Amino acid sequence: MSYKPDESTLVAYLYNELNNNDRTKVEQYLKTHPEKRKELDEIKSMRQILRKWEDKEVVEPSFVLDNNNVVVYSKNIWQTSLFRAAIGVAASLALLMLVGYFTNFSITKNETGIYLSFGKQVKVKEEAIPSLTEADIKLIMQETLNKNNDSLLSKIIEVENNISDELITYQKTNDRAIQSIHNNSIDESIIQQYVVQLKEENKSILFDLVTSTENVQKQYVNDLMADFSLYLEEQRQSDLQMIQTSFNSLKDNTEVNQTETNQILASIITTVNNQNN
Amino acid sequence: MHAETLLDIAMMHADTLIVNAQKGNEKALNKLVGLWYKRIYNYAYKYVSQHDVATEISQKTFIAMFRNIRKLHDVDRFKPWLYRIATNLCHEEDRKKKRNKMVSLSDSRNNDEAYEMEIGEAKGNSYNPERNFQQLELESMLLEALSEINEEHRSVVIMKEYEGFKFREIAEVLGVSENTVKTRLYAGLKNLKTILKKKNITKETVYYEL
């Protein structure tokens, strides 16, 4: 009894892939070698642990052929743009703060206002302005007011004089004009003639206007109808094309599905047959 | 893989889908992603133990699939072919990690838990905190244990225990002999067992919790 199965035979035994003859030989061997038997038993029970581990669920990405390149569209939510955008905003804020820190950016506020500064702060010296007493200010105001009043008065008097002069001259010319109108009284018949002539002219102008607009309108409507029918025709053509392509793809899909179903059915039938046999 | 669900059947019979994908049909390509993304992600997650890295690896795997599916000659070899891409990316990630042993500033686990909740909500089903907590506990224990075993053993253990591979298929993914796969699997399971035993994690303690 010098038979000693090698490891590949033992593996085949573990997975029930030995023929009867070999299996009996291995079993015989194991009976006389309890340590090997124990090892195999341990492996067997460990395999049961391994089988407890279930597959992880994954969402498969879709692949798109782009010329010779393959583009992967991942459906992983973890790497969505929103997440990346948030990271981006956070990073730019941090950068801003860093820049502020290194340039000594500061905002200070005092009675005279708000200061934004970079670098070292420089104190702004306030210039000393000689102070004025209330009496001084009153005096200066009084003087300027008096001056203004004087000049205003003289200007008003001047304007008043000018206006009265002009009024008088206008009156004179008006009187003269009225006088002349009274002298040349117009013949009524001339006026009537003139009115009739005016009426005629208006009539013809109106007639021309109406006919021309009518023509333009007709032309426009004609064009519109032509354009619309052309557009309808195009729309119909493209609809027909779309229906045609939809039908084609439906046909393709059905064919693929049918062949797949046939194959699956065939396989089910063979499996059933095999089991029956 | 056992045909337990309709999804499994669909995965095994996606021949037309693969042929259409090879012609550059974007819809067919995305249907393949829909069928396989969860598998590849969970495979990578068990290997690298980090959600972010696993997501990156899964996306890279499918980008590579989009680019190279035309070069796949045998449609039946799709599954090992896809896992080969993912496994190579996992190994690459391992080498990268070793080169610069940097610790990530953000605690990835927190991130993962937030993700778990998000998924629970997104699925609209009742998010069960207790059940979830137990799963997370088990997960963190097993992830830790897995990360401690040799990478070559690790990928074999995951493929056999969780991805329903046959030995022949694992050999194809890794480009080694079937015997090597079996030896690696045995070594991996043995190491894992020792590590879990050291952490005092047995079938009884886990069953008590779950």
Side-chain angles (χ1 to χ4, degrees), chain A residues 6-15 17 39-66 68-79 249 252-253 255-256 258-268 270-271 274, chain B residues 3 6 9-10 12-13 15-17 20 24 26-30 33-34 37-39 41-42 45 51 55 58-59 62-63 66-67 111 114-116 118-120 122-123 135 138-139 142 157 160-162 167 178-179 181-183 185-187 189-190 192-193 196-197 201-203 206-207 210:
Chain A
D6 57 9
E7 289 185 338
S8 62
T9 315
L10 287 176
V11 161
Y13 171 75
L14 269 176
Y15 287 86
E17 289 188 20
E39 187 177 289
L40 284 183
D41 282 346
E42 282 176 347
I43 289 178
K44 265 189 208 164
S45 76
M46 185 210 55
R47 283 186 60 216
Q48 284 177 322
I49 299 178
L50 292 187
R51 252 176 264 145
K52 285 271 151 198
W53 185 8
E54 291 163 9
D55 275 335
K56 253 178 105 157
E57 288 300 331
V58 276
V59 185
E60 76 265 10
S62 21
F63 293 79
V64 175
L65 288 174
D66 180 22
N68 281 328
N69 290 326
V70 186
V71 186
V72 186
Y73 288 103
S74 174
K75 295 166 191 162
N76 192 347
I77 311 159
W78 199 241
Q79 308 196 330
S249 75
D252 287 351
N253 276 342
E255 278 169 3
V256 171
Q258 193 141 24
T259 42
E260 276 172 22
T261 319
N262 281 344
Q263 279 190 344
I264 291 171
L265 272 180
S267 128
I268 292 171
T270 41
T271 323
N274 286 343
Chain B
L6 269 178
I9 296 171
M12 284 192 286
H13 296 276
D15 298 4
T16 351
L17 220 52
N20 280 339
E26 197 175 295
K27 223 185 270 175
L29 284 163
N30 269 308
V33 174
Y37 189 84
K38 187 181 163 190
R39 291 264 46 85
Y41 169 82
N42 273 286
Y45 181 60
H51 164 67
T55 305
S58 319
Q59 290 183 357
F62 285 100
I63 289 173
F66 272 44
R67 292 214 174 109
N111 216 338
Y115 179 76
E116 284 281 335
E118 201 176 274
I119 283 291
K123 284 181 84 192
Q135 261 297 319
L138 178 70
E139 183 177 293
L142 290 180
V157 169
K160 187 67 191 168
E161 286 295 327
Y162 294 103
F167 289 119
E178 240 176 275
N179 242 356
V181 171
K182 286 177 183 166
T183 322
L185 182 60
Y186 193 82
L189 289 174
K190 211 167 122 182
L192 211 54
K193 182 207 78 183
L196 290 178
K197 209 174 170 186
I201 295 161
T202 62
K203 200 171 93 184
V206 171
Y207 272 93
L210 292 178

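Reminder, nothing fancy here: chain letters follow the sequence lines and each chain counts from 1. Worth saying up front: this structure is predicted, and the values here are computed from it rather than measured.
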Q.
Show, in sequence, the C-alpha distance, side-chain angles and deciding distance for B/L142 and A/L50, and conclude whether the side-chain contact (heavy atoms from CB on, under 4.5 Å) test is met.
A. CA-CA 8 Å; B/L142 290 180; A/L50 292 187; 3.8 Å; yes
Q. Please walk me through it: do A/I49 and B/L138 pass side-chain contact (heavy atoms from CB on, under 4.5 Å)?
A. CA-CA 9 Å; A/I49 299 178; B/L138 178 70; 4.0 Å; yes
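Contacts of B/L29 with chain A are made by side-chain atoms alone, with heavy-atom separations under 4.5 Å and no backbone atom involved. Both the backbone and the side chain of B/N179 come within contact range of chain A, with heavy atoms under 4.5 Å apart. B/L196 touches chain A through its side chain: at least one heavy atom from C-beta onward sits under 4.5 Å away, while N, CA, C and O do not. Contacts between A/E39 and chain B at a heavy-atom distance below 4.5 Å involve backbone atoms as well as side-chain atoms. Proximity to chain B (any heavy atom under 4.5 Å) is shown, for A/D252, by neither the backbone nor the side chain.
A salt bridge is defined here as a Lys NZ or Arg NE, NH1 or NH2 lying under 4.0 Å from an Asp or Glu carboxylate O, and A/E57 with B/K38 meets this definition.
For chain A, the option among B/V181, B/I63, B/V157 with the highest count of heavy-atom pairs below 4.5 Å is B/I63.
Between A/W53 and B/Y162, the ring planes lie perpendicular to each other; the angle is over 60°, past the 30° to 60° tilted range. Below 30°, between 30° and 60°, or above 60°: for A/F63 and B/F62 the angle between ring planes is between 30° and 60°, a tilted geometry.
Panel note: side chain A/E42, backbone B/K190; no donor-acceptor pair is recorded below 3.5 Å.
Nearest heavy-atom pair across B/K182 and A/V11 is O-CG2, 3.3 Å. Minimum interatomic distance between B/G34 and A/E60 (heavy atoms only, all atoms of both residues): CA-OE2, 3.8 Å. Shown here for B/K160 and A/E17, the closest heavy-atom pair between the two residues is NZ-OE2, 3.6 Å.
With sequence neighbours excluded, no residue forms a ring pair (Phe, Tyr, Trp, His ring centres under 6.0 Å) with B/Y186.
Summarising the geometry, atom CE belonging to A/M46 is positioned 4.5 Å from atom CG belonging to B/L189; distances are rounded to the nearest 0.5 Å.
Between A/E7 and B/L185 there is no side-chain heavy-atom pair separated by less than 4.5 Å.
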